[in-house]
Novice: 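Below is a structure I'd like to ask you about.
When a residue number appears, it is its place in the shown sequence, counting from 1. Quick caveat, the model's predicted, so the values are computed rather than measured. We use all heavy atoms of the structure for the numbers below, so side chains are in, but hydrogens, waters and symmetry mates are not.
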Amino acid sequence: MLMRTLGRTGLKVAALCLGGNTFGWTTDQTASEAVLDAYLEAGGNFVDTADVYSRWAPGNTGGESETALGAWMAARRNRQAVILATKLGGPMGPGPNDAGLSRLHMMQAVEASLRRLQTDYIDLYQAHWDDRDTPLEETLRAFDDLVRQGKARYIGCSNHVAWRLTRALWESQRGGYVRYECLQPKYNLVIRDEYERELEPLCLEQGLGVIPYSSLASGFLSGKYRRGGELPATARAAGVQKGYMTERGFTVLAAVEKVAAGVGATPAQVALSWLAHRPGITAPIASATTVAQLRELVGGVELRLDADARATLDQASDWRSA
């Protein structure tokens, strides 16, 4: 599988990051391990999860995805083969200090994640959401301590707006702390402006790695959602209907399907290829619930679209002329 360097670090990661949000939720342990095994067999090494996955599911308390990954790595004894990324900051309990990026919560959260993951270090530890109630200096100094202690190798952030990311980079430089080396934004062919307007030039200028989530628009760009058709019986269908089944969404999907027919690929592979080969993108995050889906995703990263195909997708999804 294609390998890329994560931002300014020396870390080499696969150009497809396997999302772990389904593990312990819509994918049981056996199915999760089959997907993970297939990913490593395909040459992948980069898996992303979060402590809060999947607290939203009835009966879950959070940590289910990390627990599934930890059990798999322990059973396979393959920790050294995996670049493990996880996130903290989401609500993990009812108390006022059970969320956010305070030093107190961060020191508790890392220990809990390490226990669930059955490891003594995290390769990429990320702030899941910005926490404007906690001083950036407190958060970044805590991250710096975790790196110095060997509990985290590198740090990154997710769901940050450009000015806050800029402030965080400045604070790291001012205080001599480790800095965010990558950003995890929502970014796909349907939703481009949130990233491209301000975050893209910032990441390019500062040399940050970019690992977008929702790369396939929660499955919308796979083509299984049709205008006027019945929704798929999936846990994400209601969110897709609200967020992507719009006039713009179906215009973009039509372009994706046109290109897919022309190159002999699936719509999901075309959408993933467009994203994976954008300037500054390190590795799109995409999840799979079956080995067949995983192989399709790998094919998307390996697919190289020509200039005409990319122009068709760019024009259909252009937010500047919308």
Novice: Check this for me, if you would: do Asp193 and Arg197 make a salt bridge, where the nitrogen-to-carboxylate-oxygen distance has to be below 4.0 angstrom?
Specialist: yes

Novice: Decide yes or no for Leu69 and Leu36: does some side-chain heavy atom of the first lie under 4.5 Å from some side-chain heavy atom of the second?
Specialist: yes

Novice: Would you mind checking if Arg192 and Glu194 are paired as a salt bridge, meaning a charged N to carboxylate O distance below 4.0 Å?
Specialist: no

Novice: For Asp28, give me all partners under salt bridge (charged side-chain N to carboxylate O under 4.0 Å, His left out), at least two apart in sequence or on another chain.
Specialist: none

Novice: Here's one to test your reading of the geometry: is the NZ or CZ of Arg79 within 45 degrees of the ring axis of Tyr121 and under 6.0 Å from its centre?
Specialist: yes

Novice: Do the side chain of Thr119 and the main chain of Leu114 share a donor and acceptor less than 3.5 angstrom apart?
Specialist: no

Novice: Under a 3.5 Å threshold, yes or no: a donor from one side chain and an acceptor from the other, between Asp48 and Tyr213?
Specialist: no

Novice: Just wondering, more than 12 heavy atoms not from Arg174 lying within 6.0 Å of its CZ?
Specialist: yes

Novice: Counting N and O atoms only, with roles assigned by atom type, does the side chain of Lys87 sit under 3.5 Å from a partner on the main chain of Tyr125, one being a donor and the other an acceptor?
Specialist: no

Novice: Say whether Glu296 and Thr266, considering side chains only, have a donor N or O and an acceptor N or O under 3.5 Å apart.
Specialist: yes

Novice: Can you name the side-chain contact (heavy atoms from CB on, under 4.5 Å) partners of Ala168, sequence neighbours left out?
Specialist: Leu136, Leu140, Tyr180

Novice: Tell me, do Arg179 and Leu208 make a side-chain contact under 4.5 Å, heavy atoms counted?
Specialist: yes

Novice: Under the criterion side-chain contact (heavy atoms from CB on, under 4.5 Å), I'd like the reasoning laid out for Met1 against Tyr39: C-alpha separation, chi angles, the key distance, then a yes or no.
Specialist: CA-CA 10 Å; Met1 190 180 297; Tyr39 176 66; 4.1 Å; yes

Novice: Counting distance only, does the side-chain N/O of Ser172 pair as donor-acceptor with the main-chain N or O of Val178 below 3.5 Å?
Specialist: yes

Novice: Does the side chain of Asp123 come within less than 4.5 Å of Val13's, by heavy atoms?
Specialist: no

Novice: About how many Å separate CG of Leu6 and SG of Cys17, when rounded to the nearest 0.5 Å?
Specialist: 9.5 Å

Novice: Assess whether side-chain contact (heavy atoms from CB on, under 4.5 Å) is satisfied between Asp306 and Val263, documenting all intermediate values.
Specialist: CA-CA 9 Å; Asp306 63 23; Val263 301; 5.9 Å; no

Novice: With a 6.0 Å cut-off on ring centres, are Phe220 and Phe250 close enough?
Specialist: yes

Novice: Counting N and O atoms only, with roles assigned by atom type, does the side chain of Arg248 sit under 3.5 Å from a partner on the main chain of Val190, one being a donor and the other an acceptor?
Specialist: yes

Novice: Any side-chain to backbone donor/acceptor pair from Ser273 onto Gln269? Under 3.5 Å, distance only.
Specialist: no

Novice: Would you call Leu305 and His277 a side-chain contact if the rule is heavy atoms closer than 4.5 Å?
Specialist: no

Novice: Is Glu66 salt-bridged to Arg115, cutoff N-O under 4.0 Å?
Specialist: no

Novice: Within a reach of under 6.0 Å around CZ of Arg77, are more than 12 heavy atoms found that belong to other residues, nucleotides or ligands?
Specialist: no

Novice: May I ask you to check whether over 12 heavy atoms, not counting those of Arg76, lie within 6.0 Å of atom CZ?
Specialist: yes

Novice: So, does Arg4 use its side chain to make a donor-acceptor pair with the main chain of Ile281 at under 3.5 Å?
Specialist: yes

Novice: Other residues, nucleotides and ligands only: do more than 12 of their heavy atoms fall within 6.0 Å of NZ on Lys258?
Specialist: no

Novice: Test of understanding: clusters of I, L, V, M, F, W, Y form through side-chain heavy atoms closer than 4.5 Å, transitively. Do Met92 and Leu104 belong to the same one?
Specialist: no

Novice: Please identify each residue that fulfils ring pair (Phe, Tyr, Trp, His ring centres under 6.0 Å) with Phe23, with sequence neighbours left out.
Specialist: none

Novice: If you look at every heavy atom in Asn45 and Ala14, which pair is closest and at what distance?
Specialist: OD1-N, 2.8 Å

Novice: Determine whether a donor-acceptor pair (N or O, by modelled atom type, separation under 3.5 Å) exists between the side chain of Arg55 and the backbone of Pro91.
Specialist: yes

Novice: Side chains of Leu221 and Val252: does their closest heavy-atom pair fall under 4.5 Å?
Specialist: yes

Novice: Any chance you could measure Tyr154, atom OH, to Ile83, atom CD1, to the nearest 0.5 Å?
Specialist: 8.5 Å

Novice: May I ask you to test the Leu146-Ile122 pair for a side-chain heavy-atom distance under 4.5 Å?
Specialist: no

Novice: Rounded to the nearest 0.5 Å, how far does CG of Leu253 lie from OG of Ser317?
Specialist: 12.0 Å

Novice: Could you tell me whether Lys151 and Asp145 make a salt bridge, using a distance below 4.0 angstrom between a side-chain N and a carboxylate O?
Specialist: no

Novice: Going hydrophobic residue to hydrophobic residue with side-chain gaps under 4.5 angstrom, can you get from Val301 over to Val291?
Specialist: no

Novice: For atom CZ of Arg141, decide whether the heavy atoms of other residues, nucleotides or ligands shown that lie under 6.0 angstrom number more than 12.
Specialist: no

Novice: Measure across Tyr195 and Cys203 and return the closest heavy-atom pair with its distance rounded to 0.1 Å.
Specialist: OH-CB, 4.2 Å

Novice: Under 3.5 Å, side chain of Ser158 to main-chain N/O of Gln184, donor-acceptor pair present?
Specialist: yes

Novice: Under the side-chain contact (heavy atoms from CB on, under 4.5 Å) criterion, do Val256 and Leu313 qualify, and how do the steps go?
Specialist: CA-CA 7 Å; Val256 169; Leu313 297 172; 3.8 Å; yes

Novice: Could you tell me if the side chain of Leu294 sits less than 4.5 Å from the side chain of Leu18, heavy atoms only?
Specialist: yes

Novice: Measure the CD-CG distance between Glu64 and Asp51 for me, rounded to the nearest 0.5 Å.
Specialist: 10.5 Å

Novice: Can any side-chain N or O of Ser32 pair as donor or acceptor with the backbone N or O of Thr27 at less than 3.5 Å?
Specialist: yes

Novice: Is there a path of hydrophobic side-chain contacts, each under 4.5 Å between heavy atoms of I/L/V/M/F/W/Y residues, joining Val110 to Val147?
Specialist: yes

Novice: With a 4.5 Å limit on heavy-atom distance, are the side chains of Leu275 and Pro212 in contact?
Specialist: yes

Novice: Looking at every heavy atom in both Ser222 and Gly219, which two are closest together, and how far apart are they?
Specialist: OG-O, 2.5 Å

Novice: Test side-chain contact (heavy atoms from CB on, under 4.5 Å) on Leu88 and Phe143 and set out the steps.
Specialist: CA-CA 11 Å; Leu88 81 158; Phe143 268 130; 3.9 Å; yes

Novice: Between Thr9 and Thr5 (side chain of the first, backbone of the second, donor and acceptor by atom type, cut-off under 3.5 Å), is there such a pair?
Specialist: no

Novice: Starting at OH of Tyr53, measure out to OG1 of Thr22 and round the result to the nearest 0.5 Å.
Specialist: 10.5 Å

Novice: Would you say the side-chain atoms of Ser113 and Thr86 include a donor-acceptor pair closer than 3.5 Å?
Specialist: no

Novice: Are Met107 and Leu101 linked, directly or through other ILVMFWY residues, by side chains that come within less than 4.5 angstrom of each other?
Specialist: yes

Novice: Distance from Ser102 atom OG to Asp133 atom CG, nearest 0.5 Å?
Specialist: 10.5 Å

